[in-house]
Amino acid sequence: QVQLVESGGGLVQAGGSLRLSCAASGSIFRINVMGWYRQAPGKQRELVATITRDGSANYADPVKGRFTISRDNAKNTVYLQMNSLKPEDTAVYYCNADIMVVQTMSLKSDHYWGQGTQVTVSS
């Protein structure tokens with residue numbers, strides 16, 4: 001099965017930066033769209049950014065101009081560079097990927113989630 005492993009979360013002061021990474025492994029045939037979501041306590045999970053295989057990215061309004069999503073297809077890894085962090089960015093950040101996986105005699109496409117990594121921004 002496919003596994004997404006995230007890293008890079010932690011505690012940072014307002015105005016600081018963090019870089020999140022998410023590496024996919026398993027019986028992967030191809031990874032299509034990859035993205036990041038976040039969920040603050042008591043709130044719905046929300047989209048942060050997505051990126052296609054060819055590098056076309058889109059961002060949620062609250063992070064535009066501050067966050068940058070990128071990917072390395074050879075490493076099956078997606079990154080989120082977070083600059084000028086604000087306390088309102090505090091949340092659990094989740095990696096998501098649309099992956100075509102190898103099955104017996106066939107391929108199957110599905111969405112997969114990472115375990116989540118905590119990002120806390122202090123004021």
Side-chain angles (χ1 to χ4, degrees):
Q1 248 276 329
V2 171
Q3 185 176 19
L4 302 180
V5 179
E6 299 173 327
S7 61
L11 175 64
V12 66
Q13 289 186 301
S17 298
L18 285 173
R19 188 191 191 216
L20 306 183
S21 299
C22 173
S25 62
S27 300
I28 299 170
F29 181 77
R30 189 174 73 172
I31 303 177
N32 298 311
V33 175
M34 304 184 80
W36 291 92
Y37 291 72
R38 67 185 183 185
Q39 187 168 22
K43 302 189 68 176
Q44 295 278 353
R45 188 172 300 186
E46 65 178 5
L47 174 69
V48 176
T50 62
I51 185 168
T52 65
R53 283 187 59 83
D54 64 357
S56 179
N58 72 285
Y59 301 90
D61 287 341
V63 308
K64 287 180 179 177
R66 300 187 297 119
F67 291 9
T68 302
I69 189 171
S70 61
R71 64 190 287 171
D72 186 334
N73 291 334
K75 296 180 178 180
N76 290 331
T77 300
V78 63
Y79 306 94
L80 186 68
Q81 178 66 47
M82 304 185 293
N83 298 325
S84 301
L85 282 162
K86 305 175 181 179
E88 49 263 46
D89 295 319
T90 296
V92 177
Y93 284 70
Y94 296 91
C95 175
N96 176 268
D98 179 14
I99 302 176
M100 187 170 291
V101 302
V102 179
Q103 297 188 121
T104 304
M105 303 295 292
S106 66
L107 302 173
K108 179 183 177 182
S109 182
D110 206 350
H111 294 278
Y112 296 85
W113 290 92
Q115 79 286 353
T117 185
Q118 178 70 49
V119 172
T120 303
V121 184
S122 65
S123 59

Task: Hphob cluster co-occupancy, V92 + L11, side-chain heavy atoms under 4.5 angstrom - done: no
Task: For M105, the rest of its hydrophobic cluster, which grows through side-chain links under 4.5 angstrom - done: none
Task: salt bridge (charged side-chain N to carboxylate O under 4.0 Å, His left out) partners of D110, counting only residues at least two apart - done: none
Task: Contact list for residues 8-100, test disulfide bond (SG atoms under 2.5 Å apart), sequence neighbours left out - done: C22-C95
Open item on the list: Strictly distance-based, threshold 3.5 Å: is any side-chain N or O of R71 a donor or acceptor partner for the main-chain N or O of T52?
Closed with: yes
TODO: Check the hydrophobic clustering (I, L, V, M, F, W, Y; side-chain heavy atoms under 4.5 Å; chains of links allowed) and say if V33 and I99 are grouped together.
DONE: no
Task: pair N73-I31: side-chain heavy atoms closer than 4.5 Å - done: no
Task: 4.5 Å side-chain heavy-atom contact, S109 and D98 - done: yes
Residues 80-87 side chain polar contacts: donor-acceptor under 3.5 Å, at least two apart:
{"residue": "Q81", "atom": "NE2", "partner": "N83", "partner atom": "OD1", "Å": "3.0"}
{"residue": "N83", "atom": "OD1", "partner": "S17", "partner atom": "OG", "Å": "2.8"}

Open item on the list: Suppose clustering is done on Ile, Leu, Val, Met, Phe, Trp and Tyr with side-chain heavy atoms closer than 4.5 Å. Which residues sit in the same group as V5?
Closed with: none
- [ ] Verify the cluster assignment for V119 and I69: are they in a single hydrophobic cluster under the rule of side-chain heavy atoms below 4.5 Å apart?
- [x] yes
- [ ] Nearest 0.5 Å please: distance from the CD atom of Q1 over to the CD1 atom of I28.
- [x] 10.0 Å
Open item on the list: With heavy-atom distances below 4.5 Å as the criterion, would you say the side chains of Y93 and E6 are in contact?
Closed with: no
Open item on the list: Is it true that S56 and D54 share a donor-acceptor pair across their side chains at a distance under 3.5 Å?
Closed with: no
Task: Pairs meeting criterion disulfide bond (SG atoms under 2.5 Å apart) with involvement of residues 35-67, two or more places apart - done: none
- [ ] Report the distance from atom OG of S27 to atom CD of Q3, rounding to the nearest 0.5 Å.
- [x] 12.0 Å
Open item on the list: Applying ring pair (Phe, Tyr, Trp, His ring centres under 6.0 Å) as the test, list every pair that has at least one member in residues 38-80; sequence neighbours left out.
Closed with: none
Task: Sequence-distant partners of Q103, side chain to side chain donor-acceptor pair (under 3.5 Å), two or more places apart - done: S106
Task: Hydrophobic cluster membership, L4 vs V48, 4.5 Å side-chain cutoff - done: yes
- [ ] Can you tell me which residue pairs pass the ring pair (Phe, Tyr, Trp, His ring centres under 6.0 Å) test with a partner in residues 36-57, sequence neighbours excluded?
- [x] Y37-W113
TODO: Output the rest of the hydrophobic cluster of L107: all Ile, Leu, Val, Met, Phe, Trp and Tyr residues reachable through side-chain heavy-atom contacts under 4.5 Å, sorted by chain and number.
DONE: F29, M100, V102
Open item on the list: Which residues pass the side chain to side chain donor-acceptor pair (under 3.5 Å) test with T68, not counting sequence neighbours?
Closed with: none
Open item on the list: Considering only residues two or more places apart or on different chains, which pairs with a residue in residues 25-38 satisfy salt bridge (charged side-chain N to carboxylate O under 4.0 Å, His left out)?
Closed with: R38-E46, R38-D89
